[in-house]
2 protein chains.
Amino acid sequence: MMNQAKSVEFFFDFGSPASYLAYQRLPALAAECGAAIVWRPMLLGGVFKATGNASPVTVPAKGRWMLNDLQRWAQRYGVPFVNNPNFPINTLTLMRGATGLQLRRPEAFAAYCDAVFRALWRQQRDLGDPAVLSATLAEAGFDAADFIALVSEPEIKARLIATTEEAVARGVFGAPTFFVGSEMHFGQDRLDFVADALR
Amino acid sequence: MMNQAKSVEFFFDFGSPASYLAYQRLPALAAECGAAIVWRPMLLGGVFKATGNASPVTVPAKGRWMLNDLQRWAQRYGVPFVNNPNFPINTLTLMRGATGLQLRRPEAFAAYCDAVFRALWRQQRDLGDPAVLSATLAEAGFDAADFIALVSEPEIKARLIATTEEAVARGVFGAPTFFVGSEMHFGQDRLDFVADALR
């Protein structure tokens, strides 16, 4: 007999520093709650376009506060975090990569997420530059030509669009967003509500 | 010999439900930290205009999430909170009232804040309606004619503008915002950072 397994859906975009912090914290939290993580790579730019929301950095004073705030959370969590001066970047290729690997090579998905999040939010790399992206992928053991072929597949492109549209339809307006069943929580600063929902 | 007293500045607007939650929690937190609260009534609409920020409810999906989120915080805090269907309202007169009482009748400031916050976030009153405002003030022991005279004083109007401009100059973009010295925290969900800063 199997019980219905507990799970939390994690909608994220690599370009969101709060998604990075959530990514660092969620596995331990989910394990503690006996819950599985359902990884939902989405395109935050598409979410913004569909909902009328915008990056916090479009309000300069909010962007300045947010940097300090993220540093305080990183310190509280004991997680390294270095702001990326190239932020915000276009994450379309990166999110297609996550979508593609999740579908075609699920065993490589974690290594890819780790390499991309680390490059953006610890190593200050400009992953919008194809040469930097190639080098980052190569370091993590990914073949650049394979990667380009993967992110060019129409099915992968369509799947990322579908996930993003599903997110919007379910009420997502930013990243990271978590669902426990139909209960939605927005922001890495709501992880304790996520834990409450899982317990 | 006197020590330099610890204090936290609390920039707020009655029209902000997160300011209401902070208002409910801050006194106990400040007392626990041995800190004084410096009340800084400001005009949130003026802050939005100056910074390019906007109410979260301007993004409908964010507004829907925010209502659920505020209820979860209220429940965690054990604070009654009822959403106000008249939200957002123009709080200019209300904030002038807070500014005026703080200056001219500081002994009545707390009763006024309590009556206005309660009317807006527990009693669902439309304080944008002058008759409802008069009735609310009367219940709390304020004379309507005195109040109108107070909020019409040029010095009071100018003082609210000055506080709002000071807030913006110091980096405020929303409400509630707290300062412990020059360290700024935004949001009722950052009260534990405020407590850390005070300890």
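Order of the sequence lines sets the chain letters (A, B, ...), proteins ahead of strands, with each chain counted from 1. We use all heavy atoms of the structure for the numbers below, so side chains are in, but hydrogens, waters and symmetry mates are not. Quantities reported herein were computed from a predicted structural model and do not represent experimental measurements.
Between A:Ala61 and B:Gly171, the shortest heavy-atom contact is CB-O, 3.8 Å.
A:Leu160 and A:Phe173 are not part of a single hydrophobic cluster, where members link through side-chain heavy atoms under 4.5 Å apart. A single hydrophobic cluster is not seen to contain both A:Val47 and A:Phe178; linkage of ILVMFWY side chains at heavy-atom distances under 4.5 Å, directly or through other members, places them apart. Linking ILVMFWY residues whenever their side-chain heavy atoms come closer than 4.5 Å, directly or via other members, leaves A:Leu26 and A:Phe179 in distinct clusters. Clustering ILVMFWY residues whenever any of their side-chain heavy atoms sit less than 4.5 angstrom apart, transitively, puts A:Ile89 in the very cluster that holds A:Leu43. Note: the hydrophobic cluster containing A:Met42 does not contain A:Phe14 (ILVMFWY, side chain heavy atoms under 4.5 Å, direct or indirect links).
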Using a plain distance cut of 3.5 Å, could you tabulate donor-acceptor pairs between chain B and chain A?
| residue | atom | partner | partner atom | Å |
| --- | --- | --- | --- | --- |
| B:Asp69 | OD1 | A:Arg190 | NE | 2.7 |
| B:Asp69 | OD2 | A:Arg190 | NE | 3.3 |
| B:Asp69 | OD2 | A:Arg190 | NH2 | 2.7 |
| B:Arg72 | NH2 | A:Met184 | O | 3.1 |
| B:Arg76 | NH1 | A:Asp192 | OD2 | 3.1 |
| B:Arg76 | NH2 | A:Asp192 | OD2 | 3.4 |
| B:Met184 | O | A:Arg72 | NH2 | 3.1 |
| B:Asp189 | OD2 | A:Arg190 | NH1 | 2.9 |
| B:Asp189 | OD2 | A:Arg190 | NH2 | 3.1 |
| B:Arg190 | NE | A:Asp69 | OD1 | 2.7 |
| B:Arg190 | NE | A:Asp69 | OD2 | 3.3 |
| B:Arg190 | NH1 | A:Asp189 | OD2 | 3.0 |
| B:Arg190 | NH2 | A:Asp69 | OD2 | 2.7 |
| B:Arg190 | NH2 | A:Asp189 | OD2 | 3.0 |
| B:Asp192 | OD2 | A:Arg76 | NH1 | 3.1 |
| B:Asp192 | OD2 | A:Arg76 | NH2 | 3.3 |

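Ranked by non-hydrogen atom pairs under 4.5 Å with chain B, the options A:Val172, A:Val168, A:Val59 are led by A:Val59.
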